[in-house]
**Q** 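Encoded as structure tokens, here's the structure I'll be asking about.
It should be emphasised that the depicted structure is a prediction, and the values quoted were computed from it without experimental measurement.
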Amino acid sequence: MRNTAKLTTAVLAAGALTFALSACGSGNGSSSSSSDYSGPLVVAASPTPHAEILDFVKKNLAKKAGLDLEVKEFTDYVTPNTATEDGSVGANYFQNQPYLDDFNKKNGTHIVPVVTVHLEPLGLYSHKVKSADALKSGATVAVPNDSVNEARALKLLAANGLITLKSGVGNEATPADITKNPKKLKFKELEAAQTPRSLDDVDAAVINGNYAISSGLKPAKDALILESAKNNPYGNFLAVKKGNEKDPRVKKLAKLLTSPEVKKFIEDKYAGSVIPSF
């Protein structure tokens, strides 16, 4: 069992968006508005693979590097950023740049990336067909309902010829931007964490890599179609509230997360379903 504190969306979501932007530092590993970098560095992370990678660092590399690391698991894509903004944690590790840009813009937060660690390819999965071509006319496809991941899902489908998107559409693409839909696909918008659970109710679902893995899926093997890692802008990174990039604990963790040991751990454990980005 991992030595982490598991925090669920049910407990945390109610206050997630009502945080104060003038956060104060604490001895808990956060230092949003002070230069007190004593105590452990508390990092918010999605359970898979982020917390697993951090646990590897904690158990095998942190002590030698003089880093006191504490990992807190979150099951949603909102609370890690709000907790980083309000100083409840000192850093987070769960997201990519397009998602962060959108989140900061919509929520007035000031989160910045520190170092990119890995890519989780987005994939299309199904319990009902063996290939994307086998989807029938009028099939229902579940997609994440947050703007960035929905756009990413639609671009994956477009890249594989299932739909055509309006020229120049960016990270805010929605089904309304589809210009050609030869299979007359229908789209069911769900919270990203719910997409794996929808597989028995829909014909296919586009699922984020971390949720696919935590649901027992193997992206490199089970996905009908999978994002390419080449020139992919969706690498996941360690992030902090702006101003905390110079925290020596953050610098130590950034170095450890991009070490040869972590690269080998990712390659060995995830066998292509999670790809090192360094």
Side-chain angles (χ1 to χ4, degrees), residues 1-7 12 19 23-75 77 79-97 99-100 109-120 210 213-214 235-270 274-278:
M1 180 180 292
R2 293 194 295 273
N3 184 23
T4 57
K6 296 190 176 182
L7 305 180
L12 295 166
F19 57 91
C24 59
S26 73
N28 241 1
S30 62
S31 50
S32 299
S33 59
S34 76
S35 57
D36 179 10
Y37 298 133
S38 61
L41 176 64
V42 184
V43 183
S46 296
T48 306
H50 309 79
E52 293 174 347
I53 294 170
L54 288 169
D55 283 342
F56 172 81
V57 170
K58 180 175 181 175
K59 293 173 184 176
N60 297 279
L61 306 173
K63 185 175 180 180
K64 185 176 180 180
L67 174 64
D68 187 359
L69 179 63
E70 182 179 335
V71 184
K72 287 189 175 181
E73 295 185 12
F74 293 80
T75 58
Y77 283 169
T79 317
N81 275 336
T82 59
T84 302
E85 179 75 15
D86 70 17
S88 300
V89 300
N92 68 55
Y93 174 34
F94 78 101
Q95 65 192 320
N96 57 55
Q97 191 67 58
Y99 179 83
L100 176 59
T109 45
H110 308 84
I111 312 301
V112 296
V114 176
V115 66
T116 301
V117 182
H118 75 269
L119 171 71
E120 302 162 25
N210 61 315
I213 295 167
S214 62
N236 284 208
F237 46 67
L238 179 70
V240 298
K241 185 176 182 180
K242 187 174 182 179
N244 288 345
E245 303 95 321
K246 295 182 179 180
D247 182 336
R249 302 166 301 171
V250 171
K251 289 184 175 181
K252 286 179 182 178
L253 180 57
K255 185 175 181 179
L256 294 177
L257 282 172
T258 54
S259 65
E261 293 89 344
V262 168
K263 183 176 183 180
K264 185 177 186 303
F265 171 78
I266 292 173
E267 291 173 339
D268 290 349
K269 182 172 180 64
Y270 301 109
V274 177
I275 305 167
S277 297
F278 56 91

**Q** For the backbone of Lys255 and the side chain of Ser259, can you confirm whether one donor and one acceptor N or O come within less than 3.5 Å of each other?
**A** no
**Q** Which pair of non-hydrogen atoms, one from Ala254 and one from Val114, has the smallest distance, and what is that distance?
**A** CB-CG1, 4.0 Å
**Q** Mind checking whether Leu253 and Leu54 have side chains closer than 4.5 Å, heavy atoms only?
**A** yes
**Q** Might you point out which heavy atoms bring Ala44 and Val89 nearest each other, and give the distance in Å?
**A** CB-CG2, 4.1 Å
**Q** Is the side chain of Lys241 donor-acceptor paired with the backbone N or O of Glu85 at a distance under 3.5 Å, no angle test?
**A** yes
**Q** Give the minimum heavy-atom separation between Val240 and Gly90, together with the two atoms involved.
**A** CG1-O, 3.7 Å
**Q** Can you tell me how far apart NZ (Lys252) and CG (Asp247) are? Round to the nearest 0.5 Å.
**A** 10.0 Å
**Q** Sequence neighbours left out, what pairs pass ring pair (Phe, Tyr, Trp, His ring centres under 6.0 Å) with at least one residue falling in residues 235-263?
**A** none
**Q** Could you check Phe94 against Thr79 for side chain to side chain contact (heavy atoms under 4.5 Å, CB included), going step by step and ending with a plain yes or no?
**A** CA-CA 11 Å; Phe94 78 101; Thr79 317; over 6 Å; no
**Q** Mind checking what makes side-chain hydrogen bond (donor to acceptor under 3.5 Å, both in side chains) contact with Tyr99, not counting sequence neighbours?
**A** none
**Q** Locate the shortest heavy-atom distance separating Leu119 from Gly235; write the atom from each residue and the value.
**A** CD1-N, 4.1 Å
**Q** Any luck finding a side-chain donor-acceptor pair between Asn92 and Thr84 under 3.5 Å?
**A** yes
**Q** Which value, rounded to the nearest 0.5 Å, describes the distance between Leu41 atom CG and Leu238 atom CG?
**A** 7.5 Å
**Q** Between Arg249 and Gly39 (side chain of the first, backbone of the second, donor and acceptor by atom type, cut-off under 3.5 Å), is there such a pair?
**A** yes
**Q** Glu267: what forms a side-chain hydrogen bond (donor to acceptor under 3.5 Å, both in side chains) with it, not counting sequence neighbours?
**A** none
**Q** Sort and list the pairs that fulfil ring pair (Phe, Tyr, Trp, His ring centres under 6.0 Å) and have at least one residue in residues 45-68, not counting sequence neighbours.
**A** His50-Tyr93, His50-His118, Phe56-Phe265
**Q** Distance check, rounded to the nearest 0.5 Å: Asn210 atom CG versus Asn236 atom CG?
**A** 7.5 Å
**Q** Drop me the distance from Ile266's CD1 to Glu52's CD, to the nearest 0.5 angstrom.
**A** 11.0 Å
**Q** Do you know which two heavy atoms are closest between Asn244 and Val250, and how far apart they sit?
**A** O-CG2, 4.0 Å
**Q** State the CD1-CD distance between Ile275 and Glu120, to the nearest 0.5 angstrom.
**A** 10.0 Å
**Q** Apply side chain to side chain contact (heavy atoms under 4.5 Å, CB included) to Ile111 and Asn81, showing your working.
**A** CA-CA 7 Å; Ile111 312 301; Asn81 275 336; 3.8 Å; yes
**Q** Would Val262 and Thr258 count as a side chain to side chain contact (heavy atoms under 4.5 Å, CB included) here? Give the steps.
**A** CA-CA 6 Å; Val262 168; Thr258 54; over 6 Å; no
**Q** List the residues meeting ring pair (Phe, Tyr, Trp, His ring centres under 6.0 Å) with Tyr270, not counting sequence neighbours, and say none if there are none.
**A** none
**Q** Could you check whether Glu261 and Asn60, counting side-chain N and O atoms only, form a donor-acceptor pair closer than 3.5 Å?
**A** no
**Q** Drop me the distance from Lys58's NZ to Lys63's NZ, to the nearest 0.5 angstrom.
**A** 12.5 Å
**Q** Using the salt bridge (Lys or Arg N to Asp or Glu O under 4.0 Å) criterion, which residues pair with Lys264? Sequence neighbours excluded.
**A** Asp268
**Q** Determine the minimum heavy-atom distance between Tyr37 and Gly243, stating which atoms define it.
**A** OH-O, 4.2 Å
